[in-house]
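Single-structure report; data block below.
Atoms considered below: every heavy atom in the structure, side chains included; atoms not considered: hydrogens, waters and symmetry mates. This is a predicted model, so every value here is computed, not measured.
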Amino acid sequence: MNRTRFLAILAVVAIVLAGCSNLPRGGEVHAVSPSATQEGEIGLVAQPPASGATPEQIVAGFLAASAAGLDDDFAVARQYLTGTAASDWNPLAEVRVYPDTQNLQSSTEDSGAIRVSVGSIGTLSDEGVYSESSNDATITTEFSLARNSDGEWRIASLEDGFFLSEHLFGQLYVESPLYFLSADQSALVADLHWYPRRSFATQAVRALLAGPSDWLSGGVGTAFPDGTSLENSVTVDDGVATVNLSSEVLSASAEQRGKLLAQLRRTLISLSSIQQVEVTVEGAALTASSMPDLSIYPFGSYALSVLADGVPATVSDGEASPVVSANVVDGLDLTALAVGYQDSGAVYAALSQDGSTLYSIESATDTVTELGSGSNLVDPSIDVYGWIWSGESISQGSVTAYQAGSSDGISVTASWLKGVTITGIAVSREGSRVIVVCDVGGDTVVYASSITRDGDGVPSSLNEPVQIGQRLATVTDVSWMSATDLVVLGTSAAGSETGLYRLPIGGPMERLASPSSPIQIVTSGRDEQSIAGVTSAGVVIGRSGGAWRSLITDVTWAAYPG
């Protein structure tokens with residue numbers, strides 16, 4: 001091991017120990033080499049308990065050893081516990097992630113227990129599901145100690161789980177999307193999980209076979225036959241992952257086999273150390289006659305659309321080209337433009353400035369149709385099936401979806417929305433998920449839900465959601481920018497400046513580089529480099545490498561399809 005790598009590892013261990021404020025430290029630090037599948041992961045191990053260690057030293061040593069526990073299955077960490085506590089403790093029940101900018105604070109209670117607390121960024125469940133914490137959240141836990149038969153202090157009572165700083169979490173765990181089938185089986189839908197880097201492949205396949213998260217299950221499917229299981233751990237050798245499945249998978253049709261192999265491959269190649277996936281059943285290779293082209297983010301190279309002089313238009317070389325005649329939309333005073341996915345004869349939707357009327361605009365026929373009206377409608381979103389989503393902002397437990405040119409909207413049930421104020425809605429590119437931004441009692445809440453559809457893509461309900469973006473204080477606008485990520489225009493704390501954030505569905509939020517000119521509307525195509533925003537002066541600015549450049553002036557709205 002070279003000196004630079006050793007010092008980096010030593011520094012990380014020092015961070016862990018430094019986090020235990022006022023707890024004595026002791027023992028030598030060791031460095032270990034990671035396995036071949038760890039992609040340079042930092043390997044850490046701490047000393048076992050020292051003879052004669054005080055309760056404070058025992059707790060400090062345990063926290064350091066448990067942070068290094070993924071490398072030794074927490075064997076050293078368990079040495080700090082009594083026999084009963086060691087057998088009962090489940091470290092992977094919850095990973096408690098705290099900010100690098102804070103130290104673990106400790107105090108001794110009157111009972112002699114050691115209390116440890118720190119701010120919380122998020123928690124990871126034993127199923128690999130990450131939940132963000134609110135800005136003011138803290139983690140507090142107590143360790144009760146007793147002397148063992150040798151007279152040494154050991155931890156006798158503790159909660160399941162362990163602590164990791166955000167830096168160590170990012171080093172030791174890998175972002176792992178599991179891929180399921182959209183309702184029409186034409187695309188793959190990501191269900192983001194996190195697993196230890198060293199065991200990522202095995203845990204990801206087991207979770208894929210177990211099925212999607214509860215919030216997503218109503219909107220997606222899988223090609224794996226019921227009962228299919230992983231026979232042994234996934235092996236990775238020279239970039240090839242070998243997956244041995246149970247015989248139940250043999251009942252899959254030829255078409256299903258192609259799709260399930262696509263699910264497996266997409267799930268496993270999210271880690272760069274895996275380039276190829278081989279699947280076997282009872283020693284024989286599982287193959288398919290053809291592999292379907294299932295996109296994880298079905299989004300093409302679409303032009304940016306804008307409202308210029310109140311008319312929907314597409315942007316090319318800094319110029320706006322109207323898609324309908326000006327007289328068709330004359331007097332409508334449009335805002336909140338949404339764009340459909342058609343390559344030609346595109347469908348648009350927009351609201352009147354007062355939010356009382358929803359329109360569809362069809363460029364192929366040069367027509368406008370009033371779809372619905374209300375007191376305060378939600379800015380529309382258009383899905384890949386052509387449904388235009390909107391509805392009253394004060395929800396009665398549903399939203400409304402329309403087809404262009406028809407005022408016969410359908411009610412999409414969402415009982416969990418009853419009584420809340422909807423401030424934004426964005427359907428995912430493949431049409432299986434939806435983001436709903438709400439005002440709940442004065443607080444901004446962001447939900448991700450799956451959409452139940454029939455075989456023709458007609459939506460019927462929004463399933464029980466999962467909350468994301470708990471660290472956001474306000475949300476002005478939101479747009480999809482990848483299979484798992486949103487770009488959000490908002491604030492992270494009361495009184496803070498509005499900025500741009502990358503918000504994964506099931507991961508920690510990240511601040512993005514924001515333009516010097518504040519924007520009021522944000523839209524995105526297929527990645528961070530496609531983000532565009534509209535300033536108060538009516539200028540659309542877009543990402544260009546690490547900078548921002550003007551795309552067009554004198555517009556009031558900008559949107560990519562969605």
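- A distance of 5.0 Å separates CG in Leu503 from CG in Leu486, rounded to the nearest 0.5 Å.
- Nearest heavy atoms, Ser530 versus Gly525: OG-N, 2.8 Å.
- Counting heavy atoms from C-beta outward, Val436 and Ser449 have side chains that stay 4.5 Å or more apart.
- Shown here is Glu370, whose CD atom has more than 12 heavy atoms of other residues, nucleotides or ligands within 6.0 Å.
- A distance of 4.5 Å separates CG in Leu472 from CE in Met509, rounded to the nearest 0.5 Å.
- With a 6.0 Å radius and a threshold of 12 heavy atoms from other residues, nucleotides or ligands, Leu92 has its CG atom above the threshold.
- Taking all atoms of both residues into account, the shortest heavy-atom contact from Pro196 to Gln203 is CD-OE1, 3.3 Å.
- At distances below 3.5 Å, not a single donor-acceptor pair connects side-chain atoms of Thr140 with backbone N or O atoms of Ser117.
- The shortest distance between side-chain heavy atoms of Ser165 and Tyr98 falls below 4.5 Å.
- The six-membered or imidazole ring of Phe299 lies away from that of Trp480, with a centre-to-centre distance of 6.0 Å or more.
- With contacts defined as side-chain heavy-atom distances shorter than 4.5 Å, the pair Val458/Trp387 qualifies.
- For Asp333 (side chain) and Ser352 (main-chain N/O), no donor-acceptor pair under 3.5 Å exists by modelled atom type.
- When every heavy atom of Asp454 is checked against every heavy atom of Asp456, the shortest pair comes out as OD1-N, 2.8 Å.
- Side-chain atoms of Ser390 come within 3.5 Å of backbone atoms of Val378 as a donor-acceptor pair (strictly under, hydrogens ignored).
- Between Ala338 and Gly562 the shortest heavy-atom distance is CB-O, 4.1 Å.
- For the pair Val446/Ile435, a side-chain contact is recorded, criterion being any heavy-atom separation below 4.5 Å from C-beta on.
- Taking CG of Leu334 as the reference point, atom CD of Gln353 lies at 8.0 Å (rounded to 0.5 Å).
- In this structure, CD1 in Ile394 is found 5.0 Å from OG1 in Thr421, a value given to the nearest 0.5 Å.
- You'll find the side chain of Thr314 reaches within 4.5 Å of the side chain of Val323, heavy atoms only.
- One N or O on the side chain of Ser479 and one on the backbone of Ser524 form a donor-acceptor pair closer than 3.5 Å.
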Practice task
Before giving the answer on salt bridge (Lys or Arg N to Asp or Glu O under 4.0 Å), spell out for Arg502 and Glu528 the whole-Å C-alpha distance, their side-chain angles and the decisive distance to 0.1 Å.
Solution key: CA-CA 9 Å; Arg502 169 185 174 264; Glu528 188 177 332; over 6 Å; no
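- Screening Asp383, Ile451, Val399 for a side-chain contact (heavy atoms from CB on, under 4.5 Å) involving Val434 leaves a single residue, Ile451.
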Problem - Residue pair Ser373, Ser356: steps toward the side-chain hydrogen bond (donor to acceptor under 3.5 Å, both in side chains) verdict - result: CA-CA 5 Å; Ser373 60; Ser356 66; over 6 Å; no
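- In terms of heavy-atom proximity, Ile422 sits nearest to Ser395 at CD1-CB, 3.9 Å.
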Exercise for the section: Please lay out, stage by stage, how Ser213 and Val466 fare under the test side chain to side chain contact (heavy atoms under 4.5 Å, CB included). Expected result: CA-CA 10 Å; Ser213 298; Val466 64; over 6 Å; no
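- Glu362 contributes no side-chain N or O that, together with a main-chain N or O of Ala346, makes up a donor-acceptor pair within less than 3.5 Å.
- Within the 3.5 Å criterion, the main-chain N or O of Gly391 finds no donor-acceptor partner in the side chain of Thr400.
- A donor-acceptor pair under 3.5 Å is formed between the side chain of Thr523 and the backbone N or O of Tyr560.
- Under a 3.5 Å cut-off, the side chain of Asp477 and the backbone N or O of Val522 do form a donor-acceptor pair.
- When all heavy atoms of Thr367 and Val328 are compared, the closest pair comes out as C-CG1, 4.0 Å.
- For the pair Trp416 (side chain) and Leu462 (backbone), a donor-acceptor distance under 3.5 Å is present.
- Rounded to the nearest 0.5 Å, atoms NE2 (His167) and CG (Asp100) are 7.0 Å apart.
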Practice task
Dump the intermediate steps for side-chain hydrogen bond (donor to acceptor under 3.5 Å, both in side chains) on Ser492 and Tyr501, then the final yes or no.
Solution key: CA-CA 9 Å; Ser492 60; Tyr501 296 87; 3.2 Å; yes
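- Proximity of Val97 to Leu124: side-chain heavy atoms (C-beta onward) are nowhere separated by under 4.5 Å.
- Within 6.0 Å of the CG atom in Asp317, the count of heavy atoms belonging to other residues, nucleotides or ligands does not exceed 12.
- The environment of Asn376 atom CG is dense: over 12 non-hydrogen atoms of other residues, nucleotides or ligands sit within 6.0 angstrom.
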Exercise for the section: Would you check, one step at a time, whether the test side chain to side chain contact (heavy atoms under 4.5 Å, CB included) holds for Arg549 with Leu551? Expected result: CA-CA 6 Å; Arg549 64 186 179 91; Leu551 301 179; 3.5 Å; yes
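- Put simply, the side chain of Asp527 does not reach to within 4.5 Å of the side chain of Met481, judged on heavy atoms.
- Looking only at side-chain heavy atoms (C-beta outward), Arg206 and Tyr195 stay at 4.5 Å or farther from each other.
- The main-chain N or O of Tyr179 is found under 3.5 Å from a side-chain atom of Gln263 such that the two form a donor-acceptor pair.
- Annotation: the span from Asp184 atom CG to Glu430 atom CD amounts to 9.5 Å, rounded to 0.5 Å.
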Practice task
Let me see the working for Ile531 and Trp548 under side chain to side chain contact (heavy atoms under 4.5 Å, CB included), right down to the final yes or no.
Solution key: CA-CA 10 Å; Ile531 296 173; Trp548 293 80; 3.9 Å; yes
Practice task
List the steps and the verdict of side chain to side chain contact (heavy atoms under 4.5 Å, CB included) for Arg433 and Trp215.
Solution key: CA-CA 10 Å; Arg433 299 164 291 171; Trp215 74 271; 3.9 Å; yes
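- Under 3.5 Å, the side chains of Ser375 and Glu392 contain a donor-acceptor pair of N or O atoms.
- None of Leu181, Thr452, Val189 except one satisfies the side-chain contact (heavy atoms from CB on, under 4.5 Å) rule with Ser432; the exception is Val189.
- Below 30°, between 30° and 60°, or above 60°: for Tyr341 and Tyr302 the angle between ring planes is above 60°, a perpendicular geometry.
- Environment of CG in Asp354: crowded, with over 12 heavy atoms of neighbouring residues, nucleotides or ligands closer than 6.0 Å.
- In the model, Ser450 has a side-chain atom that pairs as donor or acceptor with a side-chain atom of Asn463 under 3.5 Å.
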